[in-house]
**Q** 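Here it is, the structure, as structure tokens.
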Amino acid sequence: MTDKYVTENFITQIIDADLASGKHTDIVTRFPPEPNGYLHIGHAKSICLNFGVAADYSGVCHLRFDDTNPEKESAEYAEAIREDVKWLGFDWGELQHNASDYFQQLYDYAVELINKGLAYVDDQSIEEIRENRGDFNTPGKNSPYRERSVEENLDLFKRMKAGEFDDGSKVLRAKIDMTSGNINMRDPVIYRIRRLHHIHTGDTWCIYPMYDFTHGISDAIEGITHSLCTLEFEDHRPLYDWYLDNISIPNHPQQIEFSRLNLSFTITSKRKLNQLVENNVVDGWDDPRMSTLSGMRRRGYPPAAIREFIKRVGVSKSESVISMTVLEDTLRSHLNKVAPRVMGVLRPLKVVIENYPEDKEEILTGANHPQDDSYGEREIPFGREIYVEQSDYKENANRKFFRLTEGREVRLRHAYYITCQKAIKNEQGEVVELRCTYDPESRGGTADGRKVKGTIHWVSAKHAKNIEVRLYDRLFNHPKPASLDNFLDAINPDSLTILKDALVEPYLLEADQDTVYQFERNAYFKRDKTHETDQPVFNQVVTMRDSWAKLEENNQ
RNA sequence: UGGGAUGUCGCCAAGUGGCUAAGGCACCAGGUUUUGAUCCUGGCAUUCGCAGGUUCGAGUCCUGCCAUCCCAGCCA
């Protein structure tokens, strides 16, 4: 229906009003990550919102690296972030900025505040500042250095910049109100001294501006109209406004806060994701089970599906946990439309068709998409020995089981009807082979009016290709792992299943390796990036809906 | 205990005082089907955190209460 990125929400209503009133004629937003880690699904919400709103209103969205704390930032992270945003399908064009691009202007605005008597250099130690800030119930105490003269402050601040003082020995603070109920307003720090190499400015600066001071001014410099951020910054808005109201800058962007995206059974905290990597719980930042965008990319989640997911979830101010089923459904409905079909047997069970000639082979054809002829068809080799899924045979099956059991006839997809005659077991009593017969008249899967309820997938023993398949389940057993004392206790030990004996029709390896395929009746799969061995590896993107499994479960 | 915010179906989320409280996911019941997939049909909140009040009329306004989240970095 609509091709918009964002559905109507309280933010678009504000924008509509601003456009209607003439406050703005063009919309400018920004996505402002700090380059100190990898992006995850939570960031996808911010990216889709900021870039999406801009696109929907024919405006622009800047990519701005909030690089004011050299301690944790790296160029590698910045590059990874750019890659993820691009992969998600957004383009900032020429509009890439760094907060550090504005260091000189920021410094000048700080001087302006000093000149207005609204900022002062504080010599208190970090402990003293903390102590004098007070707490929720206790108003703060003014710093003994709060009433320094403008001249002295100017001189001291200049010397801070010149590197005359040790790291941490002085800070520049805004002179606001040490008794404010909003602790952010109790004379917040504007500049701190840090002798660290910066990814963009190198060693030019030894003083670095704080987030609150930098962010609003950067927004204003870039002409941002709506500065969208998450709920935890609500308390910072008065400060954001204070800075802009007290310096001579014409623009005053509006900060609007929305709730973060939380996904059930997953974690989206940089620190915790890092623990998963450090403790080798996962394969790395791009492990297909990770909530990182790089993990989802490797897993095979199409970016269009992630965009659709974010759109479905909506934007509001209430704290929420989106259930995983919403993501899965979005993935499935997208993939159902675009994924070519193929047959792959994950856990093979050999079938010998006794009445099929020993030396005969046939090339059958199958549609690549049941609802879309434009996907064409492919050739599928068939022979006397095939493999079917182990779960498609059951020893003492009731009438509801539409698959193989002795005496029952099923349809081989795109091929013949076969009837199971006998199951052969090994010494342990496990079924290792099925003896079947086929109906030569049923080629193509159609025969007379016989009612064959089941259709199963298969692969020719002689022609099948062996691949490794990795099945994924949720990484955590708990819907809100982050709420636990130790989220590592909720790790699902069975989140990864590796199947090395999977067999697929040869077509899969001849076709495009970058697309997601549906292994009919199984799941969607995408080739993994690894080429460690000769054996191709495929990651399970998401399973198919399985009402049979649900039925069985409900009967227990 | 101070400041800021949020509470509409199991999970999201429309609703901006006036016909029977959108929609999606989940769930349930049917139908179609060469994927037990897809698709289609139907069901699923006498009620909007609770209690009062204003009004001809309230999820929407007022008052009080309750619950949850965020804030005491020289992090962002």
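Just so we're clear, the structure is a prediction, and the values are computed from it rather than from any experiment. Reminder, nothing fancy here: chain letters follow the sequence lines and each chain counts from 1. Scope of the values below: all heavy atoms of this structure, side chains included, with no hydrogens, waters or symmetry mates.
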**Q** Enter syn or anti for the glycosidic conformation of B/G31, syn applying to angles within 90° of 0.
**A** anti

**Q** Kindly say if A/Q371 contacts the phosphate of B/U32, meaning a side-chain N or O under 4.0 Å from OP1 or OP2.
**A** no

**Q** Counting heavy atoms from C-beta on, name the nucleotide in B/A76, B/U35, B/G15 closest to the side chain of A/R341.
**A** B/U35

**Q** Could you check how far CE of A/M178 sits from C1' of B/G3, rounded to whole Å?
**A** 15 Å

**Q** Expressed in whole Å, how much space separates the C1' atoms belonging to B/A13 and B/U6?
**A** 14 Å

**Q** Using both distances under 3.5 Å as the test, list the Watson-Crick or G-U wobble partner of B/A14, or none.
**A** none

**Q** Look at atom NZ of A/K158 and say whether more than 12 heavy atoms of other residues, nucleotides or ligands are closer to it than 6.0 Å.
**A** no

**Q** Can you tell me, in whole Å, how much space there is between the C1' of B/A58 and that of B/U8?
**A** 14 Å

**Q** Determine which nucleotide pairs with B/U68, using a 3.5 Å limit on both distances of a Watson-Crick or G-U wobble pair.
**A** B/A5

**Q** Output the single nucleotide from B/G36, B/G73, B/C74 whose closest atom is nearest the side chain of A/R192.
**A** B/C74

**Q** Taking atom CZ of A/R399 as the centre, report whether more than 12 heavy atoms of other residues, nucleotides or ligands fall under 6.0 Å from it.
**A** no

**Q** B/C48 and B/C12: how far apart are their C1' atoms, nearest whole angstrom?
**A** 16 Å

**Q** Rounded to whole angstrom, note down the P distance from B/U16 over to B/A22.
**A** 13 Å

**Q** With sequence neighbours excluded, what pairs up with A/I126 under the side chain to side chain contact (heavy atoms under 4.5 Å, CB included) test?
**A** none

**Q** A/K480 NZ to B/C11 P: how many Å, rounded?
**A** 9 Å

**Q** Separation of A/L335 atom CG from B/U35 atom P, in whole Å?
**A** 19 Å

**Q** Heavy atoms only, 4.0 Å cut-off, all strands: where does A/T543 land among base, sugar-phosphate and nothing?
**A** nothing

**Q** Which residues pass the side chain to side chain contact (heavy atoms under 4.5 Å, CB included) test with A/R411, sequence neighbours left out?
**A** A/Y417, A/V452, A/T455

**Q** Contact class for A/V313 (heavy atom, under 4.0 Å): base, sugar-phosphate, or nothing?
**A** sugar-phosphate

**Q** Starting at the 5' end of RNA chain B and moving along, which residue's nearest nucleotide shows up first, A/N137 or A/Y211?
**A** A/N137

**Q** Within the distance-only criterion (no hydrogens, no angle test), does the side chain of A/S259 pair as donor or acceptor with the backbone N or O of A/S316 below 3.5 angstrom?
**A** yes

**Q** Could you tell me which nucleotide pairs with B/A29 by Watson-Crick or G-U wobble geometry, both distances under 3.5 Å, or answer none if nothing does?
**A** B/U41

**Q** With the stacking rule set at 5.5 Å and 30°, tell me whether A/W548 counts as stacking on B/G36.
**A** yes

**Q** Salt bridge between A/D123 and A/K170, side-chain N to carboxylate O under 4.0 Å?
**A** yes

**Q** To the nearest Å, how far apart are A/R271 CZ and B/G73 P?
**A** 17 Å

**Q** With rounding to the closest Å, how many angstrom separate the P atoms on B/U41 and B/U54?
**A** 47 Å

**Q** Counting only heavy atoms not in A/K141, do more than 12 fall under 6.0 Å of its NZ?
**A** no

**Q** Which one, B/G36, B/C25, B/U35, comes nearest to the side chain of A/F401?
**A** B/G36

**Q** Decide whether a cation-pi geometry holds between A/K161 and A/Y107; the criteria are a distance under 6.0 Å from NZ or CZ to the six-membered ring centre and an angle within 45° of the ring axis.
**A** yes

**Q** Considering only B/U38, B/C12, B/U6, which nucleotide approaches the side chain of A/K317 most closely?
**A** B/U6

**Q** Report yes or no: is there a donor-acceptor pair, N or O only, under 3.5 Å between the side chain of A/E319 and the base of B/U68?
**A** no

**Q** Please give the distance between the P atoms of B/C69 and B/U38 as a whole number of Å.
**A** 37 Å

**Q** If B/C48 has a Watson-Crick or G-U wobble mate with both distances under 3.5 Å, name it; if not, just say none.
**A** none

**Q** Quick test of the criterion, 5.5 Å between centres and less than 30° between planes. Is A/F136 stacked on B/G3 or not?
**A** no

**Q** In whole angstrom, give the distance that lies between atom NZ of A/K453 and atom P of B/U33.
**A** 10 Å

**Q** Check the distance between B/A5's P and A/I183's CD1 and give it to me in whole angstrom.
**A** 16 Å

**Q** What's the closest nucleotide to the side chain of A/D329 if the choices are B/C25, B/U6, B/C74?
**A** B/C25

**Q** Does A/R260 have more than 12 heavy atoms from other residues, nucleotides or ligands lying within 6.0 Å of its CZ?
**A** no

**Q** For the base of B/A26, is there a side-chain donor-acceptor partner from A/E328 under 3.5 Å away?
**A** no

**Q** Is A/D187 salt-bridged to A/R146, going by a charged N under 4.0 Å from an acidic O?
**A** yes

**Q** Could you check which residues of residues 228-244 of chain A get a heavy atom under 4.0 Å from RNA chain B? Sort them by number, please.
**A** A/E232, A/F233, A/E234, A/D235, A/H236

**Q** I'd like the P distance from B/C40 over to B/C25, given in whole Å.
**A** 10 Å

**Q** Out of B/G73, B/A76, B/U6, which nucleotide sits closest to the side chain of A/E34?
**A** B/A76

**Q** By nearest nucleotide on RNA chain B, pick out whichever of A/H369 and A/S333 is the more 5' one.
**A** A/H369

**Q** Roughly, in whole Å, what's the span from CZ in A/R312 to C1' in B/A22?
**A** 16 Å

**Q** Quickly work out the A/D16 CG to B/A14 P distance and round it to whole Å.
**A** 14 Å

**Q** Return yes if the base of B/G36 and the side-chain atoms of A/R545 contain a donor-acceptor N/O pair under 3.5 Å, otherwise no.
**A** no

**Q** Please give the distance between the C1' atoms of B/G17 and B/C28 as a whole number of Å.
**A** 36 Å

